[in-house]
Amino acid sequence: MRRRHTPTRLLAIAALALPLILPATPAPAAPPTPARHLSDVIPAPAHTHPDAHNAFRITPLTVIRTTPGSTAARRIGHQLATTLRPATGHPLPVLPVRSTPLPEIALLLGGTDNRIGQEGYQLDVTRRGVTIRANTPAGLFAGTQTLRQLLPADIEAPTPQRTTWTIPGGRIIDYPRFAYRGAMLDLARHFHTVDEITAYVDLLSQYKINYLHLHLTDDQGWRIQIDSWPRLTTVGGGPGTGVDGVGPGYLTKADYQAVVAHAAARHITIIPEIDMPGHTNAAQSTYPELNCDGVAPPPRTDIAVGYSSLCINDELTYRFVEDVIRELAAITPGPFLHIGGDEAHATTDEDYRTFMNRVLPLVAKYGKRASGWNEITQADTSTDHVAQFWGTGTTNASLVAATARGTKVIMSPANKAYLDMKYNANTHLGLRWAGLIEVSDAYGWDPATRVTGIGENAILGVEAPLWSETLRTLDDIEYMAFPRLPAIAELGWSPPASHDWESFRTRLGEQAPRWRLQQVNFYPSPQVPWL
Ligand code: ACM
């Protein structure tokens, strides 16, 4: 694997030793880096109060101080130090103490402005230091991601740079518009390894994304170990189960739990999806008994949709579904379990309702809140589900009716938020059934006015799905996600009043040197003034 898995500790030690072993040649003049401003951040912070006379410089004496007695704050301190050491070459010790006489970056829980809430933070920069305050570890972590973007882009370099590490002075008060800011990765059409998923998590966490939805099963492949139905992975996730017959692959439970833990350390919650009652050919071609006629259909690795259906009036179907939900819930600490429900064109409407009315309560039985694609609202249920809108239109009567019953909505309009749509007719990856989506299209909509009758209060948040029919590698994933993922992240976090294309595209352009240093394979859209 690549750079994000270089042994960072070795790198940090090498960085510390470097000044000692290099001959003392005069430093070449550092190229001028554009000064950063408190508002040069994606997602745009809610409130910034710059103070031009009070910038702080990170120096070899700077320490990271964390709330005494808090292991969570201390861990975020170590994460921040690990991020800042390679490029600065400074030791940046992490000290869980009440005070120090040294210039410091303080990460403190409590004592916040009353607007901060559960995921917000307050960041104060003076000549003496930086203080990030939050009510929760998630808020502290979000503040450190802002701090990272406030430093010169060289901070992302893997080796010591001769840069003045200035952080602009003033105060940021920041908190999210929506509680849910998600991304989705499709492991079914092409499998992506643990290293690829965790590399994507690392990128998402820089933009305050807090949920990663994994699309684990589909017609082509089944990508999560289920002990009570073992052939799902050995056969359904076996050789030749990617689109066009490329590649095997699945997550063992240990793999899945490693992804969950890696994401949790970056304040991202994993949501597993088992798509049903359609998109089930991988399971049905593996187990003949999951078909009404008892005959297994052939495996399929084309990209057609809507042809498979579980057998709705067979009790075995519900044993299967309950086994899967039970095993998956047991390894999923997050609150949600996604049951798919989209494009069940081979299931009658009546059967679809029968299925959902049995399966939605099973999710609750195992302690999870059900989410599903917006079709689940056609089933007549009344509890607190989450429906993910993926339409390309601006009306949806059954979704509006469901919100009146308490269902919350995640907005993923396919013609705005789908990261697998091509940018333009020449994009070498992706599909175009929902349209071409340039950066200005991905940014140019408001979640709270997209669907008539679905306003701010009905919306839990936004999600940017990335389907993998055409995507095989991490480079492919990055090319489709960057720069549109940061656009969706901003729609989810920043207040509507801050929405401004000119501001956004300028701030996006400033991300480019960071992405080059992180070796992110981004699409250089002609709409953006890339630095
Ligand atoms: C979907 O794109 N079928 C949810």
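Order of listing sets the numbers, starting from 1, for every ligand and every atom in it. For the numbers below, each heavy atom of this structure counts, side chains included, while hydrogens, waters and symmetry mates do not.
Annotation: W390 places no N or O atom under 3.5 Å from an N or O atom of ligand 1; distance criterion only. Between Y418 and ligand 1, at least one N/O pair is under 3.5 Å apart.
The ligand atoms of ligand 1 that sit less than 4.0 angstrom from a heavy atom of W467 are 1 (C), 2 (O), 4 (C).
By the 30° and 60° cut-offs, the orientation of the rings of F504 relative to Y443 is parallel. By the 30° and 60° cut-offs, the orientation of the rings of Y479 relative to Y523 is perpendicular.
With hydrogens and angles disregarded, no donor-acceptor distance shorter than 3.5 Å links the side chain of W222 to the backbone of G238.
Among T217, D186, D255, T241, the single residue meeting the side-chain hydrogen bond (donor to acceptor under 3.5 Å, both in side chains) criterion with R223 is T241.
Shortest contact from atom 3 (N) of ligand 1 to any protein heavy atom: D342 OD2, 2.7 Å.
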